[in-house]
Amino acid sequence: MPSGACGNSTGAGAELEGNIGPSGTWAAVGLDASGSNCVANIGPMEPGLYYYQYVATKADRSKVTFRHPDAPSAITSHPDWNTLFVPGPDVAWMDDVESGGGTVSELEYGGDEPAKVWTPADYTTKTAKAHPVLYLLGGEGQSVTEWLELGRAAQVLDNLSVEGDLASMVVVMADLDDAGSGAELLDELIPAVTQKYNVSRKVKETGIAGIGQGASQALSAALDQPGVFGSVGSLSGALPEDVDLTAAQARKINAKTDLLRFYVGNTLDPAYNSTYEAMQALTDAGVRFEFDGVHPESGGTWDTWRENLRDFARRAFQPHVQDHGMSDGHLALTQPYTSPATGTITTPHIDENGMVTFETGTQWANAKDVVLWGNWAPNGQWFRIPLTKQGDRWRTTVGPVDGYYYWRYEVNGTAFHDPADTKNTENIESQLFVPGGVRTPLLADLPAEKTGDLATLSYSGAFGASKLKVWTPVDYDENRAEPYPVLYLYHGFGQNYASWTEVGRAAQVLDNLYERGEIEPMVVVMPGYPGAPSDMWTDLSGSVMPLVDAQFNITVEPAHRALAGLSWGGYLTHGAMVNHPGEFAYFGMFSPPFARASVNPSTPAGQTAIASTKLVDLFAGDVDTGAVNAINGIESNLTSAGIPVVKSVIPGPHGFDVWWQGLSDFLPRIFK
């Protein structure tokens, strides 16, 4: 695509979308122009398999999807998709094996498309050593090749085989027609397999499993005619209505079936309730079965089914397996799930498992598309998650997620504040904090009795009518004999005086660090400035500092004052250090876009800066190239001048996911 088509202010342009959101949620990221190309730099990505496509959005909001023109089509049923496998120790079980892997071949048997057959490395045609056989059935809308392309079935089986954790079986992957699936299976597929491959015909050495529709077909075949399949697996399936579960039939099933195991994803899995109902029906009928538990991290997706396949395959035809319970970390399924009724929730709605439902009002009933824009991506990069229209509202559920996110709606490409959010009113983003996780503990709300005060002051200064925020610790004493040290904390370009608290959660960071005893008692002042001024000193020294000095018990001693800022605020902080030395002892610069004049030790101003500065804390995200270059240059200059510097470059973008960590790093270092 031409570089100019990558994006514009209305949201039209090119994006990459795929299972790249939180917990594999389908999400999109905008592509930026880079010469004649459109690019997106995201990551580091968690190890796993990703599938994605490119999307061009036209001015009328219609969309065209396409794959990378230089990449071969990897997904038969989704020709616009590409795949990306990110290796790592956690997914080594579905990576390619160096040696000892099996072979995949095709088998024509009369179905709409050939079956795929995996044979192990030790496959033999000697009839005395017939192999167990497992039939894997696909779900509705899937092609048989998805077991290989998205399920990575060959890699899963290869690894189990190499590790000695798999019976020496033949695995047949097929997609049966919904109508007449039983006849196709028993009269066409199985005879074709037994004719061409050296497979056992014993019940104990014949298994069947499937996904969705394929799971229902597997259950129907196994429960209607016990004595054909000894191992049966249901992955996100449902019990067919015509299955006869009389007491007599239950006894036959129990006598003939060695393994009957159910699998299901979290509440985003469409088969969540049907799995519950199937297990209840089998329990009522007296049929014995096992349950792998609810997969807590993903719904009805290949992320779930790959793990299900791995678990089931290592159990099939293995009577020595003693563990018949749920997989580690999986959850019990004790009741069906009912989502909050449309129109009854205040967004966002968080359930006990970290699943978050967003729902708009009816004000965008005629919109063509509504998405959630937020820092959902790795290390806080910004992704768009699409909502689905339900009546006159738009809705989606994501999760599980934990910790803190900031987000907004984008309607037909235009950004909107959540109309239901009346707490955060100065910024377009709203806050989402999901408690109970470990991702961002310093951003959690503390009980009221442990929370400091956050005041808003209005004044008229160098920038005209202005406001600022002031945080004081929970035990702040306006009559304390020793005045409190003070930090002046600035926002970035395009932000305002409330950005640190409404988006950056600075008050929560301060509350938590103070509760832990990791920071000194202090007062933190968060002023604002319009646009991108070259210097905020006139407003700070002439208006902000006198105003705060008059209303709070703070020191006027430069040795106990600090100045910090993010992005453009970090640039202004550096300027104040160089041009107004001696006013502050501590400086924090988080992702400054570039550096200005350096400290010159041969000048009086430079000598003052060297003598008065106790610490400079530099912070940036690793993908923020401009900021990394800036803090590297600042560090070199200050270190050569003998000024103490702490520099940190962490995984992350030019955003609050880096800046709150910069603030958390800076606060415990000052006023010691």
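The analysis underlying the following values was restricted to heavy atoms, covering all of them including side chains, and did not include hydrogens, waters or symmetry mates.
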* Structure fact -> Looking only at heavy atoms, the pair that brings Leu49 and Met94 closest together is N-CE, 4.0 Å
* **side-chain hydrogen bond (donor to acceptor under 3.5 Å, both in side chains) assessment of Thr397 paired with Thr357** => CA-CA 4 Å; Thr397 299; Thr357 299; 2.9 Å; yes
* Should Leu150 and Trp81 count as side-chain neighbours, where that means a heavy-atom distance under 4.5 Å? -> yes
* Asked: To the nearest 0.5 Å, what is the distance between NE2 (His349) and CE (Met355)?
  -> 12.0 Å
* Structure fact -> What one should report as the nearest heavy-atom pair of Ala316 and Ser231 is CA-OG, 3.9 Å
* Asked: If only atom types and distance count, is the side chain of Asn82 paired as donor or acceptor with the main-chain N or O of Arg67 below 3.5 Å?
  -> no
* **Gln217 and its side chain to side chain contact (heavy atoms under 4.5 Å, CB included) partner, picked from Ile208, Asp177, Asp178** => Asp178
* Asked: Are any non-hydrogen side-chain atoms of Trp394 and Tyr409 less than 4.5 angstrom apart?
  -> no
* Please say whether more than 12 non-hydrogen atoms of neighbouring residues, nucleotides or ligands are located less than 6.0 Å from CD in Gln280. => yes
* Structure fact -> Here the pair of heavy atoms bringing Thr76 nearest to Ser143 is CB-OG, 3.9 Å
* Using a 4.5 Å cut-off on heavy atoms from C-beta on, say whether the side chain of Thr206 contacts that of Ile190. => no
* **Backbone N/O of Ser298 and side chain of Ser23: donor-acceptor pair under 3.5 Å** => no
* Measure the spacing between NZ of Lys129 and OH of Tyr123 and express it to the nearest 0.5 Å. => 14.0 Å
* Asked: Crowded around Lys389 NZ? As in, over 12 foreign heavy atoms under 6.0 Å?
  -> yes
* Should we say atom NZ of Lys63 is surrounded by more than 12 heavy atoms from elsewhere, each under 6.0 Å from it? -> yes
* **Donor-acceptor side-chain pairing of Thr119 and Thr103 below 3.5 angstrom** => no
* Asked: Could you give all pairs that pass the ring pair (Phe, Tyr, Trp, His ring centres under 6.0 Å) test and reach residues 90-111, with sequence neighbours left out?
  -> none
* Do Tyr51 and Trp302 have ring centres separated by under 6.0 Å? -> no
* **For the student: nearest non-hydrogen atoms of Lys196 and Glu106, plus distance** => NZ-O, 3.6 Å
* Minimum heavy-atom distance Glu108-Pro114, with the two atoms named -> OE2-CG, 3.3 Å
* Could you state the interatomic distance from OG1 (Thr194) to CG (Leu189), rounded to the nearest 0.5 Å? -> 9.5 Å
* Is there a side-chain contact between Phe289 and Ile253 (heavy atoms, below 4.5 Å)? -> no
Using residues 233-248 as the side-chain source, report each donor-acceptor pair under 3.5 Å to any protein atom, sequence neighbours left out, with the distance given to one decimal.
from   : atom 1 : to     : atom 2 : distance (Å)
Ser236 : OG     : Asp269 : OD2    : 2.6
Ser236 : OG     : Trp305 : NE1    : 2.9
Thr246 : OG1    : Gln249 : N      : 3.1

* To do: Decide if atom CD of Glu46 counts as having more than 12 heavy atoms of other residues, nucleotides or ligands within a radius under 6.0 Å.
  => no
* **Leu136 side chain near Lys116 side chain, heavy-atom distance below 4.5 Å** => no
* Is the Phe358-Trp407 ring centre distance short of 6.0 angstrom? -> yes
* Asked: With no hydrogens and no angle check, do the side chains of Asp292 and Ser327 hold a donor and an acceptor under 3.5 Å apart?
  -> yes
* **Contact check, side chains of Thr360 and Leu387, non-hydrogen atoms, under 4.5 Å** => yes
* In Å, rounded to the nearest 0.5 Å, how long is the span from CZ of Arg315 to NE2 of His320? -> 10.5 Å
* Asked: Going by heavy atoms in the side chains, are Leu223 and Leu282 under 4.5 Å from each other?
  -> yes
* To do: Working to the nearest 0.5 Å, report the span between CH2 of Trp376 and CH2 of Trp382.
  => 14.0 Å
* About how many Å separate CE of Met45 and CG of Leu84, when rounded to the nearest 0.5 Å? -> 7.0 Å
* **Nearest heavy-atom neighbours spanning Pro22 and Ile385** => CD-CD1, 4.0 Å
* Arg288 and Leu260, any side-chain heavy atoms less than 4.5 Å apart -> no
* To do: Output, in order, the C-alpha distance, side-chain angles, deciding distance and verdict of side-chain contact (heavy atoms from CB on, under 4.5 Å) for Gln142 and Ser77.
  => CA-CA 6 Å; Gln142 296 176 349; Ser77 55; 5.6 Å; no
* Indicate whether the side chain of Asp158 and that of Trp118 have a donor and an acceptor atom separated by less than 3.5 Å. => yes
* Using only heavy-atom distances, determine whether the side chains of Glu149 and Thr83 contain a donor-acceptor pair under 3.5 Å. => no
* To do: State whether the number of non-hydrogen atoms from other residues, nucleotides or ligands found under 6.0 Å of Asp122 atom CG is greater than 12.
  => yes
